[in-house]
Amino acid sequence: MDSVQKAMSGFSLDLSPLKEPLGFIRVLEWVFTIFAFATTGGYSGTTHFTAKCPATEDTQNVTFGYPFRLSTYRYKIPICNGSSTDAFLQGNFSSSAEFFVSVGVFGFLYCTATLILYLGYQNVYRQTSRAPVIDLVVTGAFAFLWLVSSSAWGKGLTDVKWATNPNHLVESCKDICHPGEFPSMGRLNASVIFGFLNLILWAGNCWFIYKETPFHKDPNPPATMEEGGAPGP
């Protein structure tokens, strides 16, 4: 324990791990993790439809965004007598969206912490067997979380697209309502792609971390001529 504390007390920046798969892939994870949660968490979109009455034409713009509690977004359906009725978007997809963003945020924090360990305390990481083992377990857990969260958010995004589809919104007023422009969701499509790219990166990185653990290294290498003396007859 004392040796670990002494090693942790001395920060020594060494960029050489970035040239190895262990450090390079961690940087890629750091970047793609940011893209994953940023493209989802900051999203705001608008869906449109038009209500045409004999004397008037009214365009409705319904704005929605993260965390996609769509049932809280209200819009008006015009009635051709000068009045209107209130309606709401359908569905609450906040659980899958927030889960996906949470995995991204915690993944970003873990990447930051391990990069500091790789680059500043490489002697601690290499000389203690506990650090690579913990790193392997956590990285494997994140790979699983990326699989679950990306799949859940992919299904959630499909439901969001259906709920905000202008063709769906005008079903309650087909006689006077006409669908308008579909909301732009390129960022959300990209977020799902980044999620599965993170799955590939984190799962693949498990192999390179595994090579740093005692499970891959021979804990008792055979003695050499100099270390073990002359071989017996």
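Note that these values count all heavy atoms, side chains included, but never hydrogens, waters or copies made by symmetry.
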At their closest point, which heavy atom of [X] faces which heavy atom of [Y], and how far apart are they?
| X | Y | result |
| --- | --- | --- |
| Ala203 | Ala143 | N-CB, 3.8 Å |
| Ala152 | Ser96 | O-CB, 3.6 Å |
| Gly41 | Val101 | N-CG2, 4.1 Å |
| Leu89 | Ala163 | CD2-O, 4.0 Å |
| Cys206 | Thr139 | SG-CG2, 3.9 Å |
| Ala36 | Ser191 | O-CB, 3.9 Å |

Evaluate the side-chain proximity of [Y] to [X]: yes if any heavy-atom separation is below 4.5 Å, no if none is.
| X | Y | answer |
| --- | --- | --- |
| Ser102 | Phe37 | no |
| Lys161 | Leu188 | no |
| Thr47 | Asn165 | no |
| Leu147 | Trp202 | no |
| Val27 | Leu18 | yes |
| Lys76 | Asp86 | yes |
| Phe35 | Ile193 | no |
| Leu22 | Arg26 | no |

N/O donor-acceptor pair under 3.5 Å between [X] side chain and [Y] backbone:
| X | Y | value |
| --- | --- | --- |
| Asn198 | Phe32 | yes |
| Thr114 | Cys111 | yes |
| Arg187 | Ala38 | yes |

ILVMFWY network linking Ile34 to Ile200, side-chain heavy atoms under 4.5 angstrom: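 Per the 4.5 Å side-chain linkage, Ile34 and Ile200 are not co-clustered.
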Joint cluster assignment, Phe88 & Tyr66, ILVMFWY side-chain distance < 4.5 Å: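 Hydrophobic grouping puts Phe88 apart from Tyr66.
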So [X] and [Y], would you call those rings parallel, tilted or perpendicular, with 30° and 60° as cut-offs?
| X | Y | result |
| --- | --- | --- |
| Phe49 | Tyr75 | perpendicular |
| Phe100 | Trp146 | perpendicular |
| Phe68 | Phe64 | tilted |

Between [atom1] of [X] and [atom2] of [Y], what distance do you get to the nearest 0.5 Å?
| X | Y | atom1 | atom2 | result |
| --- | --- | --- | --- | --- |
| Leu117 | Thr112 | CG | OG1 | 12.5 Å |
| Asp135 | Tyr210 | CG | OH | 15.0 Å |
| Met185 | Tyr43 | CE | OH | 4.5 Å |
| Leu157 | Ser150 | CG | OG | 11.5 Å |
| Thr85 | Ile77 | OG1 | CD1 | 4.5 Å |
| Leu201 | Asn205 | CG | CG | 8.0 Å |

Over 12 non-hydrogen atoms of neighbours within 6.0 angstrom of CD in Glu20: yes
With Cys177, the side-chain contact (heavy atoms from CB on, under 4.5 Å) member among Leu169, Val170, Thr50: Val170
Pairs meeting criterion ring-ring contact (aromatic ring centres under 6.0 Å, His included) with involvement of residues 165-189, two or more places apart: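 Qualifying pairs: Trp162-His168.
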Thr46: which of Asn61, Thr63, Thr164 passes side chain to side chain donor-acceptor pair (under 3.5 Å): Thr63
Near-ring test Phe194/Trp153, centroid separation under 6.0 angstrom: no
